[in-house]
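A note on names: the letters A, B, ... follow the listed sequences, proteins ahead of strands, and every chain is numbered from 1.
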Amino acid sequence: MTAETPLTIAGVLALATGLVLLGGPLGGVAAGTAALALFIPEIPRLFGVLYAQLLVAVLTPSLGLPVAIAELGVLLMFAPVARTYTRAFAVGGGIAVAGVVWTLWVWPAISPLAAAGSLLVVLATGLYGLHRYELVRLNLVQSSHE
Amino acid sequence: MRVTRRWGAITAVGLTFAILAVLTQSPLYLGGTLLVAGAHVAGQYALLTDLERVRNTATVSHTFTPSTAIEDTPVEQTATITLPQLPASTITATLTPPTVWDTSPTQTSLDTQTRLSASGHFPLAGRFTTPPITLEATSPFGLYTETIPLGPDAGITVDPSAPRDTAIFSGGDRISIGYGEHPTTRETSGLDPGKIRQYLPGDPTSRIDWNATARLGDPYIREFETNTDRDTLLFVDHRSSLADGPAGRTQLDYLREIGLWFTRHAADLDDPLGLYTIGNAGRTAQTPLQTGSASYRRIEHQLHDLTPTTASTPTRPTHTMASIDLHERARQLDDNSQYTMTLRPYLAHTGTAVERVESDPLFSTVTTTLDRTRGDPWIVILTDDTHRTELHETLRVLRRRDIYVSVFICPNALFTSHGLTDADTAYADYVDFLDYRDRLAGPRTTLYEVGPGDHLETILPRASRTR
């Protein structure tokens, strides 16, 4: 078990609370498995967090306060990594928040396929742009005559 | 930026969330996709900022020690990286050794003070360059890696282990030794026309040069010369005192070059050549006078294989005074002073110099070999000036036998630990050597100094002025 920060513990508790509210005893069991996945060092933390997100999505009949609590718990699970890479996670979190806003805005208006597709296209374009930017900043671009 | 296997897995999970969102028409599944996207962006950004900060703030040195090396001598490649602040990302620094070292790159995690080193030797001479240190960073969650070069290349010049600046001087003048065909000193009826001389009673009439006789009015004989094989005996000293000098530039290395040079020229002229090597304990190898490519090759191999032998006791330069000088000075002590009274018993029991050196390796090897060799070979001695009395007495014995001898001496003054940095000491030592060298001179004896050309040319003008 890895050394966790109080924020992470709070995140697990929030996730468990949200899932119990959403799914009753089944939600509690699900929260336990998510916590287990998160605390086992051999499982990458990102996979543990995504598993928690999957549980939230599976157990959610409709949006509401329990979902918000559970989502807060999911986000707090990033606390140790975010503390190390503060600026990077501020940027990554900004992207995620922008994506949430985009989703909430377009989801009711267009079909789910179009909403998910447009989100993927925007994200892929942004990631590739950042990759090209990184090559330029680090002087790793091969000139045409090399 | 390169993606890892985990990048593929995480991206697949993100896409799965998007598909689930479409299939279940639940936007919460897109939360997973957005988490993956955020992790991707955070990973790229962390990698970029950390590498950029390291590259802009790191102080890097990347060198070989020594910067100029000799073949097959140990060389250390060192890189140091100093950072004002430790980056958040895990960054591994890699030092790539020269390809010829055939060793794996050295790696370590980057810290505020990072030192990488590798050691090896260069089996070849030339200029070698190694690429800069490389930094490999891994992003948060292990999604991306990136490698960038850091700092300068490192270069080293490797010189061959054999000296390339061998210079030969004789009495202060740089020379090149003539070693071509060698005529006999006696005029005979050989094949090559020589000079003419007046006819003497008893000369065969068939040798009268009628053209010269007609031109000069008196009968003249045309002498003819013939070239002979010159028997050469090489005596190479490789005692411990010959180990002075940097690796690949020791006194023995310079003498070896001379020995190889003699061997090659003897081979060119098909002259008989013998080799006797002398170590601290006595003769270490002998190759009697022989001709033939196999023999020359064997001698070359023997010369290449020579290394300084070890001495049971430290070798110090012997006193330069030969027996005659010693006894002459002893005779001058004819007073009854305390000094004379003290010295007289010692001088009374001092044997002759020959008695004192007859068991010394060089002296005994040369004299023993000559006793067993027919004819009057040309003796070539390659040594230093550590065992001065021994060399002096050896030459005296050779001169008494009417033998031509060439001595190549590597002066210790050119190979002392202080080198040429202490100029006055070096000059004084070299002047002392030249005085000794002058005492060695004699009939049928040719003396040469061998050493690094730049050292000799630096010292000689000053030494000549000092004298």
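When each of A:Ser111, A:Ala57, A:Gly93 is checked for heavy-atom pairs under 4.5 Å with chain B, A:Ala57 comes out on top. In terms of non-hydrogen atom pairs under 4.5 Å with chain B, the most contact-rich of A:Leu135, A:Val74, A:Val56, A:Val58 is A:Val58.
Other residues, nucleotides and ligands place no more than 12 heavy atoms under 6.0 Å from the CG atom of B:Asp102. Counting heavy atoms of neighbouring residues, nucleotides and ligands inside a 6.0 Å radius, atom CZ of A:Arg87 does not exceed 12 of them. Within 6.0 Å of CZ in B:Arg127 there are more than 12 heavy atoms belonging to other residues, nucleotides or ligands.
Considering only residues two or more places apart in sequence or on other chains, A:Tyr85 meets the ring pair (Phe, Tyr, Trp, His ring centres under 6.0 Å) condition with none of them. Take B:Glu136 and apply the salt bridge (charged side-chain N to carboxylate O under 4.0 Å, His left out) test, not counting sequence neighbours, and it matches B:Arg2.
Contacts from residues 6-34 of chain B to chain A, taken as heavy-atom pairs separated by less than 4.5 Å, involve B:Arg6, B:Ala9, B:Ile10, B:Val13, B:Leu15, B:Phe17, B:Ala18, B:Leu20, B:Ala21, B:Val22, B:Gln25, B:Ser26, B:Pro27, B:Leu28, B:Tyr29, B:Leu30, B:Gly31, B:Gly32, B:Thr33, B:Leu34 in sequence order. Contacts with chain B (heavy atom to heavy atom, under 4.5 Å) involve no residue of residues 15-28 of chain A.
Both the backbone and the side chain of A:Leu50 come within contact range of chain B, judged by heavy atoms closer than 4.5 Å. The contact between A:Val81 and chain B is made entirely by side chain atoms (from C-beta outward), counting heavy-atom distances below 4.5 Å. With a 4.5 Å cut-off on non-hydrogen atoms, B:Ala39 touches chain A through its side chain but not through its backbone. At a 4.5 Å heavy-atom cutoff, the contact between A:Leu127 and chain B is made by backbone and side-chain atoms alike. In this structure, no portion of A:Val97 lies under 4.5 Å from any heavy atom of chain B. For A:Leu54, the parts sitting under 4.5 Å from any heavy atom of chain B are the backbone and the side chain alike.
The two atoms that bring A:Glu134 and B:Glu146 nearest to each other are OE2-OE2, 2.6 Å, heavy atoms only. The shortest heavy-atom contact between A:Leu123 and B:Ala37 is CD1-CB, 3.3 Å. Of all heavy-atom pairs between B:Ala88 and A:Thr84, the closest is CB-O, 3.6 Å.
Here the side chain of B:Arg55 pairs a donor or acceptor atom with the backbone of A:Leu138 at under 3.5 angstrom.
In this structure the side chain of B:Tyr45 never reaches within 4.5 angstrom of the side chain of A:Tyr133, judged on heavy atoms.
In this structure, CG in B:Leu35 is found 7.5 Å from CG in A:Leu46, a value given to the nearest 0.5 Å. For the atom pair OG1 of B:Thr49 and CZ of A:Arg137, the computed distance is 9.5 Å after rounding to the nearest 0.5 Å.
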